[in-house]
Amino acid sequence: MNDAREASDIRAVQDPLDRFVLYRWWRRAVVGSVDHAQVMERIIAESGWSPRYGFMTIMSAGIAVLGLLLSSPAVVIGAMLISPLMSPILGLGFSLALFDFGEMRRAVIALAIGSCAAVAFTALIVALSPLQAPTSEIIARTRPNLFDLAVALFAALAGTFAIIRGRGETIVGVAIATALMPPLAVVGYGLATGNLPVLGGAFALFVTNFVTIALSATVMARYYGFGHHLSSQQSWTQTILLALVFIVMAIPLGFSLRQIATEAVTVTQVRSHLSDRFGADARVTQLDVSFDTAPITVRSVIITPRANMQQSAALQKELEQRLGQPIRLRLDQVLLEPGAGPLDAQREELRQAGEAAAAETAQASAMTRMLGLAAGIAPETVTVDRDHRRARAIAAPLPGATIATYRALEQRSALQAEGWDIAITPPQAPLPLIGFSGDADTLDAAAREAVLTSAWAARRWNIRALRVPGLAKEEPETPGLSQRRGQAVAAMLRSQGIEPVPAPADGPSFRLSAAPIEPAP
């Protein structure tokens with residue numbers, strides 16, 4: 001790129017727009033004050049792939065995923081500070097402004113390699129980590145909205161201005177504001193745990209950030225005279241594409257923001273209604289609204305004088321009328337005797353909180369001992385997430401135990417730990433035998449249980465595909481007996497979220513086995 005010559009051409013060539021005072025001021029005070037060659041030299045030097053770039057990307061990804069798993073904002077911020085992903089994204093933005101396809105290809109390759117390496121490294125760390133429960137830091141990066149686009153836009157404009165005007169230290173603040181690496185780490189987490197909603201939300205946030213940064217850099221670059229030599233047709237093409245991309249991104253992000261705002265308003269309305277119905281002497285000590293259920297579930301604990309006690313059924317009908325939708329109300333009322341004042345209510349709240357915490361601790365401890373006993377491991381090795389009421393245990397090999405045994409142990413443990421999400425990961429062992437009687441090509445009860453157990457084990461082992469004997473790559477017009485049996489097994493696996501992969505038939509009875517998913521041709 002001949003940016004120095006381009007800058008001189010801007011000053012030397014008589015432009016028809018020079019008759020406008022504002023345009024002349026812009027060329028003299030804005031474009032003429034920038035050393036375009038020096039800026040592009042700095043951008044090009046840092047936007048491509050290099051061993052340093054790769055090392056820093058991997059280290060940043062490792063720090064980010066550990067900070068997310070530990071729910072430590074300070075560690076996550078440290079990962080943002082050393083992440084080098086901003087450089088190729090700015091390079092992409094400037095190459096779009098200049099229509100420099102060579103630099104564009106160079107920046108995209110660096111960004112793609114760095115992103116893939118970060119996702120793979122974080123997925124490996126999560127897969128090896130005993131801590132796999134989603135933390136608040138992880139959940140916070142799974143619901144991008146219009147505000148995220150606005151943050152990326154303002155931060156990118158500030159960062160590009162700093163690069164052009166020689167204030168490179170501002171990039172540190174921009175890196176923290178846009179947070180490019182943590183969403184990639186969450187993508188790796190979602191990949192390792194098979195959590196597609198988390199993976200998709202985090203990837204959407206990363207794409208929102210990097211596209212907004214690149215296009216904002218393009219806008220700022222054009223404002224400061226980069227690409228001034230482009231034809232009017234090229235300039236209009238840039239403008240239209242920039243506007244379309246921002247509009248396309250803003251629409252789904254706007255809907256997401258609207259949903260978040262609607263949920264916040266709903267919680268406010270529920271709290272306000274409960275406070276009004278129970279009066280000023282009552283106190284709403286706990287209010288949880290679950291929007292993931294149908295209908296939404298409202299859980300609340302209220303300390304109130306006995307005289308103000310309310311009927312839960314009547315309150316539920318009133319809330320349904322106010323919200324305009326059906327709900328399920330679970331209300332616990334702690335009743336105070338007549339004459340009790342605010343101090344009594346505070347004492348009761350503290351007593352209730354203490355009892356609830358003690359009860360939860362005792363329940364978690366009992367559940368941990370029970371799960372450790374079922375899995376044949378020490379209770380302290382059970383991974384417990386009290387916030388989300390999840391417990392995970394990696395079972396030890398038990399004499400004579402089959403995969404079906406571990407599944408039955410998990411089901412029994414889940415019944416005993418009501419309200420908890422229990423998961424027991426069985427040791428590696430052959431999957432159960434799937435048998436067909438005679439010339440049957442349908443699954444009887446025993447065969448169905450064998451397939452369900454195989455799918456359960458695959459999910460616990462984070463296996464996405466199983467080889468199905470007899471299943472053909474292309475469905476024949478007149479399938480044979482073994483092919484019909486394979487199709488029956490494959491249909492049930494798909495219903496359980498497991499991808500069936502064809503494998504040779506090995507008789508009337510067969511086992512499923514792990515298989516990688518081959519890429520489509």
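Between Arg448 atom CZ and Thr453 atom OG1 the span is 12.0 Å, to the nearest 0.5 Å. Put simply, CD on Glu318 and CG on Asp276 are 10.5 Å apart, with the number rounded to the nearest 0.5 Å. The CE atom of Met181 sits 8.5 Å away from the OG1 atom of Thr122 when rounded to the nearest 0.5 Å.
Considering every non-hydrogen atom in both Ala393 and Val382, the closest pair reads CB-CG2, 4.3 Å. Contact detail for Ile422 and Ala414: the closest heavy-atom pair is CG1-CA, 4.0 Å. Residues Pro326 and Pro295 come closest through the heavy atom pair O-CB, 3.2 Å.
Side-chain contact, Ser60 with Thr57: no donor N or O sits under 3.5 Å from an acceptor N or O. Inspection of the Glu410 and Trp456 side chains reveals an N or O donor paired with an N or O acceptor under 3.5 Å.
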>> For a side-chain contact (heavy atoms from CB on, under 4.5 Å) check, start with the C-alpha distance between Leu315 and Phe278, then their side-chain angles and the critical distance, and finish with the verdict.
In response: CA-CA 10 Å; Leu315 278 176; Phe278 282 92; 3.7 Å; yes
>> Is there a side-chain contact (heavy atoms from CB on, under 4.5 Å) between Arg328 and Arg330? Walk through the geometry before answering.
In response: CA-CA 7 Å; Arg328 182 183 295 114; Arg330 296 180 179 177; 4.1 Å; yes
> Run the side-chain contact (heavy atoms from CB on, under 4.5 Å) check on Ser300 and Leu274 step by step: do they pass?
Replying inline: CA-CA 9 Å; Ser300 183; Leu274 293 177; 3.7 Å; yes
>> I'd like to know whether Tyr189 forms a side-chain contact (heavy atoms from CB on, under 4.5 Å) with Ile125, so could you lay out the CA-CA distance, the side-chain angles of the two residues, the decisive distance to 0.1 Å, and finally the verdict.
In response: CA-CA 9 Å; Tyr189 168 86; Ile125 292 178; over 6 Å; no
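A salt bridge does not link Glu263 to Arg258: none of the charged nitrogens lies less than 4.0 Å from a carboxylate oxygen. Between Arg141 and Glu137 there is a salt bridge, since at least one side-chain N of the basic residue sits less than 4.0 Å from a carboxylate O of the acidic one. Salt bridge present: Arg392 and Asp421 bring a charged side-chain N and a carboxylate O closer than 4.0 Å. Under 4.0 Å is where a charged nitrogen must lie from a carboxylate oxygen, and between Arg407 and Glu449 at least one such pair does.
Checked by atom type and distance alone, the side chain of Tyr406 never pairs as donor or acceptor with a backbone atom of Ala457 at under 3.5 Å. Listed for the Gln316 side chain is a donor-acceptor partner under 3.5 Å among the backbone atoms of Ile327. Counting only distance, with no hydrogens or angles, the side chain of Arg485 and the backbone of Pro469 share no donor-acceptor pair below 3.5 Å. Remark: the backbone N or O of Gln269 is not paired with any side-chain donor or acceptor of Ser272 at under 3.5 angstrom. Checking side-chain atoms of Ser454 against main-chain N and O of Leu431 turns up no donor-acceptor pair under 3.5 Å. A donor-acceptor pair is defined here as one N or O able to donate and one able to accept, closer than 3.5 Å; no such pair exists between the side chain of Asn209 and the backbone of Phe206. When atom types are taken as modelled, the side chain of Ser495 and the backbone of Met492 share a donor-acceptor pair closer than 3.5 angstrom. Between the side chain of Ser216 and the backbone N or O of Thr212 there is at least one donor-acceptor pair closer than 3.5 Å. A distance-only check finds a donor-acceptor pair linking the side chain of Thr142 to the backbone of Ile139 [under 3.5 Å]. A distance-only check finds a donor-acceptor pair linking the side chain of Asn462 to the backbone of Ala192 [under 3.5 Å].
Applying the 6.0 Å contact sphere to CG of Leu124 captures more than 12 heavy atoms from other residues, nucleotides or ligands. Heavy-atom contacts from other residues, nucleotides or ligands closer than 6.0 Å to CD of Gln311 number 12 or fewer. Within 6.0 Å of CZ on Arg484 lie more than 12 heavy atoms contributed by other residues, nucleotides or ligands.
Here the side chains of Arg464 and Arg459 are not in contact, with every heavy-atom distance at 4.5 Å or above. With a 4.5 Å cut-off on side-chain heavy atoms, Ile296 and Gln325 count as touching. Side-chain atoms of Arg460 and Pro426, non-hydrogen and from C-beta on, do get closer than 4.5 Å to each other. Side-chain contact check for Val298 versus Leu287: some heavy-atom pair is nearer than 4.5 Å. Put simply, the side chain of Tyr53 reaches to within 4.5 Å of the side chain of Pro88, judged on heavy atoms. A heavy-atom distance below 4.5 Å is not found between the side chains of Val186 and Leu199. In this structure the side chain of Glu499 never reaches within 4.5 angstrom of the side chain of Leu493, judged on heavy atoms. Side-chain contact between Ile89 and Leu180: present, with at least one pair of heavy atoms (C-beta onward) separated by less than 4.5 Å.
None of Ile498, Val489, Val451, Val501 except one satisfies the side-chain contact (heavy atoms from CB on, under 4.5 Å) rule with Leu466; the exception is Ile498.
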